[in-house]
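This report concerns only the one structure given below.
Bear in mind the structure is a predicted one, so any value in this text is a computation, not a measurement.
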Amino acid sequence: MATATPPYRFPQELTRDAARQVFADRLRDFDRLAPVFTNAGIDARFSCVPIDWYMQPRGWPERNAVYLDSALDVLEQATRKALARADLQANAIDAILCVSSTGIATPSLDALLMERMGLRRDVQRLPVFGLGCAGGVIGLSRAANWAASMPGKTVLFLVVELCALSFRHNDLSKANVIATALFGDGGAACLFRADPDGRGPAVTAWGEHTWPDTLGIMGWSVEPDGMGVIFSQSIPALVRDRFGPVMETFLERNGHTRESLAGTVCHPGGAKVLDSLAEVLAPCHEGLGEAREVLREHGNMSAATALFVLERRIASGARGPHLMMALGPGFTAGMALLDL
């Protein structure tokens, strides 16, 4: 697997000062909300456009055009790195599953990547939209399932999210300010193959749970000038109070407990969510350090973030059973068991 980021890096102070310049004259509560930039646990994040781009209002067509160009650049970078690490040529790819929820692409990003990289014309494709932050884990599970159904074939799983493009001048809501403090851009590529010899990290089980009456917890609203962020302040409490039984049922169904895990690969949606997860996952805290590192260095990249954590967990030399999890619109928990 491999991860990739776009070219522009914003220290958190730069992001805060730019947001103040845009909002301060029109949002009386900005100074009261400004501490979120300090308390978010984020030092910097990457962006597909320079900071000056955000200083002017942008319409939906312009935002989506940037999304198409930049998402394709990030995906190509991640794919070429993953192929090199696997010692494979591009013509080894038999199928592509591509997850993204921060822009619209028709033809889809996988088709655009096929054209750019000159992939085989018989590659099977599956674009997936709308999973939000859970897309990294659920998409990885779907890719593993797909590879298991085609022994010997190579499945390329792609995820790219350009969350910072959701920044909107005319949205004076608290949610928009918080999203500005949290969101960054990034992507990842993973190669899967059903291997009878059992070499390398494996995805051994997967599952998900969607709670009732929670459709308004997280998502996007489509606005004239872009996508408006929707997330509820209740997410950390929901994780703390309701995720535990769901996780334990999933683990028990697959022959594990929290105590039998060697570690976790968690989507770091924010510092408060990670604090809630630490309570629920106790005593298994291995891997939460990598999650906090990714949040600090990259911010919340929606679906891509969990893959950044996974890459670091593998690079650290971690071995054994790991629970990979993320929460997304629905409100849905995506879970997978990995054997690293």
Side-chain angles (χ1 to χ4, degrees), residues 1-6 48 64 67-163 185-195 200-203 206 208 267 301-308 310-311 314 324 326 328 334 336 338:
M1 67 167 299
T3 59
T5 55
C48 62
N64 205 62
Y67 166 82
L68 289 172
D69 290 341
S70 300
L72 193 57
D73 289 342
V74 171
L75 289 180
E76 181 182 13
Q77 181 184 348
T79 299
R80 292 194 184 279
K81 286 168 64 177
L83 287 167
R85 289 177 179 177
D87 195 23
L88 291 175
Q89 300 298 314
N91 63 7
I93 297 170
D94 298 293
I96 304 174
L97 189 151
C98 183
V99 167
S100 187
S101 298
T102 45
I104 302 296
T106 307
S108 54
L109 293 172
D110 38 281
L112 298 175
L113 187 69
M114 282 183 64
E115 195 69 19
R116 176 179 286 196
M117 294 186 62
L119 302 186
R120 292 191 346 245
R121 297 295 95 185
D122 61 346
V123 169
Q124 298 180 53
R125 301 185 295 110
L126 180 62
V128 180
F129 176 86
L131 293 175
C133 293
V137 178
I138 296 177
L140 177 137
S141 301
R142 298 289 189 273
N145 194 11
W146 201 1
S149 73
M150 302 187 297
K153 301 294 186 180
T154 300
V155 175
L156 172 64
F157 168 53
L158 299 172
V159 56
V160 61
E161 301 291 13
L162 306 182
C163 304
D185 299 345
C190 301
L191 292 159
F192 288 87
R193 185 181 291 163
D195 186 350
V203 184
W206 45 82
E208 55 200 84
H267 166 64
M301 300 170 285
S302 189
T305 325
L307 280 302
F308 278 69
L310 176 58
E311 183 181 47
I314 293 173
M324 188 176 186
L338 312 179

* **M117 side, atom CE; L83 side, atom CG - distance, nearest 0.5 Å** => 5.5 Å
* Structure fact -> Nearest heavy-atom contact between G139 and V99 is CA-CG2, 4.0 Å
* **L112 and L75: CA distance, side-chain angles, deciding distance, side-chain contact (heavy atoms from CB on, under 4.5 Å) verdict** => CA-CA 10 Å; L112 298 175; L75 289 180; over 6 Å; no
* Keeping the roles fixed (side chain from D94, backbone from T154), state whether a donor-acceptor pair exists under 3.5 Å. => yes
* **Gap between atom CG of N64 and atom CG of D69 - 0.5 Å precision** => 10.0 Å
* If you draw a 6.0 Å radius around CG in D122, do more than 12 non-hydrogen atoms from other residues or ligands fall strictly inside? -> yes
* Asked: Only one of S70, S100, S302 clears side chain to side chain contact (heavy atoms under 4.5 Å, CB included) with L162; which?
  -> S70
* Asked: Are any side-chain N or O atoms of S149 and backbone N or O atoms of W146, one a donor and one an acceptor, separated by less than 3.5 Å?
  -> yes
* Structure fact -> So CD1 of I104 and CG of L68: to nearest 0.5 Å the spacing works out to 9.5 Å
* Asked: Taking the side chain from S101 and the backbone from G130, do they hold a donor-acceptor pair closer than 3.5 Å?
  -> yes
* First locate atom CG of L140, then atom CE of M324, and finally report the distance between them rounded to the nearest 0.5 Å. => 5.0 Å
* Only pairs at least two apart or in different chains count here, so list each salt bridge (Lys or Arg N to Asp or Glu O under 4.0 Å) that has a residue in residues 124-138. => D110-R125
* Asked: Checking side-chain contact (heavy atoms from CB on, under 4.5 Å) for the pair Q124/M150: CA distance, chi angles, key distance, verdict?
  -> CA-CA 12 Å; Q124 298 180 53; M150 302 187 297; 3.7 Å; yes
* **Nearest atoms (heavy-atom pairs only) where V203 meets A144** => CB-CB, 3.8 Å
* So do W206 and V137 actually touch side chain to side chain, heavy atoms under 4.5 Å? -> no
* Is E161 reaching over with its side chain to a backbone N or O of M301, donor-acceptor style, under 3.5 angstrom? -> no
* With F308, which residues qualify under ring-ring contact (aromatic ring centres under 6.0 Å, His included), at least two apart? -> H298
* **side chain to side chain contact (heavy atoms under 4.5 Å, CB included) involving I138 - partner list, sequence neighbours excluded** => L131, A134, R142, E208, T332
* Do you know which two heavy atoms are closest between R193 and G152, and how far apart they sit? -> NE-O, 3.8 Å
* Structure fact -> Minimal heavy-atom distance between T3 and K81, with the atoms involved, is O-NZ, 2.6 Å
* Asked: Going through the checks in order, is the side-chain contact (heavy atoms from CB on, under 4.5 Å) test met by L113 and C98?
  -> CA-CA 10 Å; L113 187 69; C98 183; over 6 Å; no
* **Heavy-atom pair of closest approach, residues D185 and C48** => OD2-N, 3.0 Å
* Asked: Rounded to the nearest 0.5 Å, how far apart are CE of M114 and CG of L156?
  -> 11.0 Å
* Structure fact -> Taking every heavy atom of R85 against every heavy atom of A2, the minimum-distance pair comes out as NH1-CA, 3.5 Å
* To the nearest 0.5 Å, tell me how far L88 CG sits from T79 OG1. => 12.0 Å
* Determine yes or no for a side-chain-to-main-chain donor-acceptor pair under 3.5 angstrom, with R121 supplying the side chain and L119 the backbone. => yes
